[in-house]
Amino acid sequence: MDFTIKQYQQLLKSLQHAGFFFQTFKEYLQDPMQDKAIILRHDVDLLPQNSLQFAQIQHDFGVKGSYYFRAVPESWDEKVIKEIHALGHEVGYHYENLTTCKGNLEQALEDFKSNLGQLRNLVPVNTICMHGSPRSPYDSKDLWKSYDYRSFGIIGEPYFDINFNKFFYLTDTGRQWDGWRVSVRDKMSQQDNWVKQGLVFHSTNDIINAANKGNLPDKIMMTFHPQRWSDKPLPWIKELLWQGVKNVGKRVLIQIKKG
């Protein structure tokens with residue numbers, strides 16, 4: 001079975017044995033010189049306790065990750081935010097302000113400033129990451145066409161500050177590692193080149209096997225949505241079925257956008 005905690009632990013073991021060095025996004029921006037580096041990014045969209053479990057597992061493995069929290073009740077758990085930070089991980093803001101403010105740039109900027117300030121009242125925040133909001137007509141990254149996130153003391157946003165010509169990108173979007181096929185926004189222009197190189201993985205076990213054989217690129221950013229991962233049968237089945245429904249909807253949205 002995929003997307004279980006046991007499978008996640010096997011993935012970490014295989015990456016460690018393959019010689020990868022783990023960095024938070026902030027650490028990478030401050031020291032990008034590691035030869036074999038993985039950035040573990042976590043989008044805390046739902047079920048923050050799942051993210052805390054991931055953070056505890058990583059702490060036991062001696063690795064760090066970056067955790068991005070939305071400013072919505074289903075993500076924003078102040079106790080969890082503080083506990084993840086106390087474990088040595090990075091906490092960042094998973095912003096979606098153009099969506100919540102329905103495209104109004106001035107309101108979106110004020111919303112961003114307010115939410116960032118509230119998060120900084122809990123823990124240090126140096127980086128941000130866009131939440132895709134696939135059903136929204138607005139792309140919150142467009143906020144930075146009019147404003148500069150660096151003016152708020154933010155040193156990086158992955159979609160702008162990682163060179164994906166040098167970094168391979170893996171995400172469990174769609175509850176599969178080749179989820180770019182059903183992703184509205186969480187995709188990279190380099191994807192076609194990666195496919196040509198044979199860098200296509202559907203299951204977590206595919207990634208584990210590639211790591212064991214030394215067939216992974218030297219620099220990778222991996223994005224996890226911890227609400228998708230569980231050893232408990234009912235939550236696991238619920239997520240499997242619900243994600244299948246969402247993937248169908250996203251395929252329809254992608255076709256509509258293509259016209």
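Between Met222 and Leu15 the shortest side-chain heavy-atom distance falls below 4.5 Å. Counting heavy atoms from C-beta outward, Val123 and Phe69 have side chains that stay 4.5 Å or more apart. Within the 4.5 Å cutoff, the side chain of Lys79 has heavy atoms near those of the Asp77 side chain. Side-chain contact between Leu87 and Gln56 is present, with heavy atoms from C-beta onward closer than 4.5 Å. Inter-residue side-chain proximity for Tyr169 and Thr223 is flagged as met; some heavy-atom pair is nearer than 4.5 Å.
The salt bridge (Lys or Arg N to Asp or Glu O under 4.0 Å) analysis of residues 32-47, with sequence neighbours excluded, yields the pairs Arg41-Asp43. Residue pairs meeting the salt bridge (Lys or Arg N to Asp or Glu O under 4.0 Å) criterion with at least one partner in residues 117-127, sequence neighbours excluded, are absent. Identified under the salt bridge (Lys or Arg N to Asp or Glu O under 4.0 Å) test for residues 91-107, with sequence neighbours left out: Arg70-Glu96. Within the structure, salt bridge (Lys or Arg N to Asp or Glu O under 4.0 Å) contacts touching residues 9-22 (residues at least two apart or in different chains) do not occur.
Under a 3.5 Å cut-off, the side chain of Asp172 and the backbone N or O of His225 do form a donor-acceptor pair. The closest donor-acceptor contact from the side chain of Glu157 to the backbone of Met130 lies under 3.5 Å. Side chain of Thr204 to backbone of Gln7: no donor-acceptor contact under 3.5 angstrom is found. A donor-acceptor distance shorter than 3.5 angstrom exists from the side chain of His89 to the backbone of Ala55, with no hydrogens or angles considered. For Asn209 (side chain) and Asn205 (main-chain N/O), a donor-acceptor pair under 3.5 Å exists by modelled atom type. In this structure, the side chain of Ser151 engages the main chain of Asp148 through a donor-acceptor pair within 3.5 Å. Asp231 places a side-chain N or O within 3.5 Å of a backbone atom of Ile5 that can act as its donor or acceptor partner.
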> So Tyr159 and Met188, side chain to side chain contact (heavy atoms under 4.5 Å, CB included) or not? Walk me through it.
Replying inline: CA-CA 9 Å; Tyr159 294 102; Met188 303 299 167; 3.6 Å; yes
Under the ring-ring contact (aromatic ring centres under 6.0 Å, His included) rule, what do Tyr28 and Phe167 come out as? Steps first, then yes or no, please.
-> CA-CA 12 Å; Tyr28 163 72; Phe167 257 82; 5.0 Å; yes
Original post:
So Asn115 and Trp76, side chain to side chain donor-acceptor pair (under 3.5 Å) or not? Walk me through it.
Top reply: CA-CA 11 Å; Asn115 295 335; Trp76 189 282; over 6 Å; no
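Other residues, nucleotides and ligands contribute at most 12 non-hydrogen atoms within 6.0 Å of the NZ atom of Lys64.
The shortest non-hydrogen separation linking Ala18 to Ala211 is CB-O, 3.7 Å. Here the shortest heavy-atom pairing between Leu46 and Gln227 reads O-CB, 3.8 Å. Closest of all the heavy-atom pairs between Gln176 and Phe3 is N-CZ, 3.7 Å.
Applying the side chain to side chain contact (heavy atoms under 4.5 Å, CB included) test to Ser114 and every residue at least two apart in sequence or in another chain returns Gln118. Residues satisfying the side-chain hydrogen bond (donor to acceptor under 3.5 Å, both in side chains) criterion with Trp194, sequence neighbours excluded, are absent altogether. Legend: residues meeting side-chain hydrogen bond (donor to acceptor under 3.5 Å, both in side chains) with Gln107, ordered by chain and number and at least two apart, are absent. Residues meeting the side-chain hydrogen bond (donor to acceptor under 3.5 Å, both in side chains) test with Asp161, sequence neighbours left out: Tyr149, Arg150. Under the rule for a side-chain hydrogen bond (donor to acceptor under 3.5 Å, both in side chains), the partners of His202 that lie at least two apart in sequence or sit in another chain are Asp178. Residues that satisfy the side chain to side chain contact (heavy atoms under 4.5 Å, CB included) test with Phe21, not counting sequence neighbours, are Gln23, Gln34. Looking at residues two or more places apart in sequence or on another chain, you find a side chain to side chain contact (heavy atoms under 4.5 Å, CB included) between Lys232 and Ser230, Pro235. Residues satisfying the side chain to side chain contact (heavy atoms under 4.5 Å, CB included) criterion with Lys26, sequence neighbours excluded, are Thr24, Gln30, Glu90, Asn126, Thr127, Ile155.
Both Phe61 and Ile39 belong to a common hydrophobic cluster when Ile, Leu, Val, Met, Phe, Trp and Tyr are linked at side-chain heavy-atom distances under 4.5 angstrom. Both Leu98 and Phe160 belong to a common hydrophobic cluster when Ile, Leu, Val, Met, Phe, Trp and Tyr are linked at side-chain heavy-atom distances under 4.5 angstrom.
Here Tyr8 and Phe224 bring their ring centres to under 6.0 angstrom of each other.
If you take CG on Leu216 and CD1 on Ile208, they are separated by 10.5 Å, rounding to the nearest 0.5 Å. If you take CG on Asn165 and NZ on Lys219, they are separated by 14.0 Å, rounding to the nearest 0.5 Å. Note that CZ of Phe22 is 9.0 Å distant from CD1 of Ile220, once rounded to the nearest 0.5 Å.
A ring pair (Phe, Tyr, Trp, His ring centres under 6.0 Å) with Tyr95 holds for exactly one of Phe152, Trp144, Tyr68, Tyr138; it is Trp144.
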